[in-house]
Amino acid sequence: MKVLSVTSEIYPLIKTGGLADVAGALPLALAGLGIETRTMIPGYPAVMKAIGDQAEKVHDFGDLFGERATLLAAEYQGLDLLVLDIPALFGRLGNPYNAATGEGYSDNWRRFGALSKAAAEVAAGVMPGWEPDLVHCHDWQAAMTPVYMRYSEVPEKPSILTIHNIAFQGNFGPDIFPWLGLPAHAMSVDGVEYYGNVGFLKGGLQTAWAVTTVSPTYAREIQTPQYGMGLEGLISARAHTVHGIVNGIDTDVWNPTTDQTLVSRYTPSRLRLRQPNRQVLSERFGLDDDDSPIFCVVSRLTWQKGMDLLAEAIGPLVAMGGKLAVLGTGEHQLEETFRNAVRLYPGRVGTIIGYDETLSHIQQAGADVIVIPSRFEPCGLTQLYGLRYGCVPLVARTGGLADTVIDANPAALDVKVATGIQFSPVETWSLIHALRRTINLFEDKKTWMHMQKQGMKSDVSWKSSAKLYVDLYSSLKMMAPKS
């Protein structure tokens, strides 16, 4: 089966979050199951530099949203890519969505509308020698693809829209609609109209043949007002087409036995070899070199991620004997709060504002606990990395966190299946209680080591989830009209 994947970012070329990891790892997992995936991505400077002179021009769109657009084919680290080269729209350094001020580019509707329109044309067969059987789109940036497919004169192909985070919807004013090249009746409740505006994600949810989210729990949560972000009614109405498929991780990249970014590699039977990584972690974050538990954070420092709750819990955590190593960037006030914590608790709290892929591996390999107190979390990947590396996850009981971590309650501990600590409700007092539970478990070295080993045995690969995607692809293909 031939699948066109459409995404705004893909690891290892361009990454701002978990979307890139999924977009990069899923095609590789599907390849072993008979799925041929070609991934369409924008031609950002980093992408164009990576593919270099090896790229082959396969289609010229001519005028696309007022700009000349070219489609290039290239292979990069096993990924089969289709790169949409529009320098005026994508030739911008830095964050792919935001200007240097941190504000979203005012023409994002045009940039990602062009990506979707080009993808729909590829789906319709404009590229010589290759035509997909199905189109798989990711998040609002690609969500207009099924919209363009629906309103095309070419027979529609099956389409899937995956929601990685429903909080990001791509909503724009009604004045952009005439520029989208859609028929007038598309600006309706059955199309892209969303409370008088144009909703990219809303349009995709309305027109895609199937919708997936990145965990079963999140698939249920987004059908409620608490988590649906205004789209719960539409998703509930389409509940029969909604599927929750938990993310996996690339277990070749994230493998403590072979990870070259670590100073010491290890296996579940040789956990003592984590110690040199712990020492490097302590040095990088300026933490005291003692045996007390190290809690780490690798996250956007935002309200969604519950970082304000963790900030309020720093004092109690230090008083209990814990240490904290924070790596991330986000809301200015939270960045300052974690910086101030370093001055208030020298040797007990370390903060590095920014993102460092290598350091994130060291944290997972050297810390004892990865803290993820998210208010909502569609899937989450850092807890999967933690399980893989013997860094016990402490997580809020929501979304994919609830689906992938087995809480160390008495029953789970009794049958030796616990892999982490969950807490609920997502409030400061509850988090503090969970931190205390975690430290008590850490002090029981036999129980703690068993939890580490149990987590490391968890199947966090794409193996099972890739099979679920293949089943979904096959069922949708069977529904398509025969050509």
Side-chain angles (χ1 to χ4, degrees), residues 18 214-218 246-249 251 254 256 266 268 271 274 278 281 292-299 305-307 309-310 313 317 320 322-326 360-361 363-427 430-461 464:
V214 289
S215 71
T217 294
Y218 194 60
V246 72
N247 283 338
I249 63 173
T251 52
W254 291 91
Y266 56 95
L271 285 173
R274 295 181 88 245
R278 179 187 178 90
L281 174 63
S292 55
I294 300 176
F295 293 74
C296 77
V297 167
V298 183
S299 176
K305 297 294 184 179
M307 288 297 114
L309 305 181
L310 180 59
L317 172 61
M320 287 182 240
K323 295 177 289 188
L324 179 65
V326 177
S360 72
H361 283 241
Q363 284 181 278
Q364 297 282 14
D368 302 294
V369 185
I370 177 81
V371 186
I372 313 169
S374 303
R375 285 183 168 87
F376 62 95
E377 192 64 67
C379 178
L381 295 177
T382 50
Q383 84 277 13
L384 303 182
Y385 303 146
L387 291 170
R388 179 80 163 150
Y389 277 58
C391 186
V392 176
L394 189 167
V395 303
R397 188 175 295 128
T398 186
L401 303 176
D403 290 331
T404 55
V405 176
I406 301 174
D407 180 59
N409 58 59
L413 289 171
D414 187 52
V415 295
K416 301 187 185 323
V417 296
T419 60
I421 297 91
Q422 293 186 10
F423 72 95
S424 180
V426 187
E427 297 179 11
S430 182
L431 172 57
I432 293 171
H433 176 68
L435 293 168
R436 185 177 295 111
R437 280 179 62 205
T438 303
I439 290 176
N440 290 340
L441 286 164
F442 178 81
E443 291 172 349
D444 182 343
K445 298 304 180 185
K446 184 177 180 180
T447 296
W448 189 259
M449 185 176 292
H450 192 278
M451 284 177 62
Q452 287 179 293
K453 291 181 177 181
Q454 190 67 22
M456 294 180 77
K457 290 194 303 183
S458 301
D459 183 5
V460 294
S461 73
S464 298

For the atom pair [atom1] ([X]) and [atom2] ([Y]), what is the distance rounded to the nearest 0.5 Å?
X	Y	atom1	atom2	result
Trp448	Asn440	CH2	CG	10.5 Å
Leu431	Ile421	CG	CD1	11.5 Å
Phe442	Leu435	CZ	CG	13.5 Å
Met451	Lys446	CE	NZ	15.0 Å
Glu443	Ser292	CD	OG	10.5 Å
Asp444	Met449	CG	CE	11.0 Å

Before you tell me yes or no, could you show the steps for Leu309 and Glu427 under side chain to side chain contact (heavy atoms under 4.5 Å, CB included), namely the whole-Å CA-CA distance, both residues' side-chain angles and the distance that decides it to 0.1 Å? CA-CA 7 Å; Leu309 305 181; Glu427 297 179 11; 5.6 Å; no
Nearest heavy-atom pair of [X] and [Y]: which atoms, and what distance?
X	Y	value
Asp407	Gln422	OD1-N, 2.8 Å
Ile249	Tyr385	CG2-CE2, 3.4 Å
Ile439	Phe295	CG1-CZ, 3.8 Å
Ile432	Ala313	CG1-CB, 3.7 Å
Thr404	Gly400	OG1-O, 2.8 Å
Pro268	Lys453	O-CE, 3.1 Å

Determine, stepwise, if the pair Asp368 / Arg278 fulfils side chain to side chain contact (heavy atoms under 4.5 Å, CB included). CA-CA 9 Å; Asp368 302 294; Arg278 179 187 178 90; 2.6 Å; yes
Output yes when a side-chain donor or acceptor of [X] lies under 3.5 Å from a complementary backbone atom of [Y], and no otherwise.
X	Y	value
Arg437	Ala408	yes
Asp403	Thr217	yes
Arg388	Ser458	no
Glu377	Pro373	no
Ser430	Pro425	yes
Arg274	Ala365	yes
Gln364	Cys391	no
Thr419	Ile406	yes
Ser215	Val246	no

Between Trp254 and Tyr389, what is the ring plane arrangement, given parallel below 30°, perpendicular above 60°, and tilted in between?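 Perpendicular.
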Report the residue from Asn247, Leu381, Leu384 that forms a side-chain contact (heavy atoms from CB on, under 4.5 Å) with Val460.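 Answer after filtering Asn247, Leu381, Leu384: Leu384.
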side-chain contact (heavy atoms from CB on, under 4.5 Å), paired with Val395, selected from Ile370, Val405, Val371: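 For Val395, the side-chain contact (heavy atoms from CB on, under 4.5 Å) test succeeds with only one of Ile370, Val405, Val371, which is Val405.
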Going through the distances and angles, do Lys416 and Gln454 end up as a side chain to side chain contact (heavy atoms under 4.5 Å, CB included)? CA-CA 8 Å; Lys416 301 187 185 323; Gln454 190 67 22; 5.6 Å; no
Kindly indicate whether the side chain of Leu387, heavy atoms from C-beta on, has any atom under 4.5 Å from the side chain of Pro393. yes
Test log, rule side chain to side chain contact (heavy atoms under 4.5 Å, CB included), inputs Met307 and Val297: CA-CA 9 Å; Met307 288 297 114; Val297 167; 3.8 Å; yes
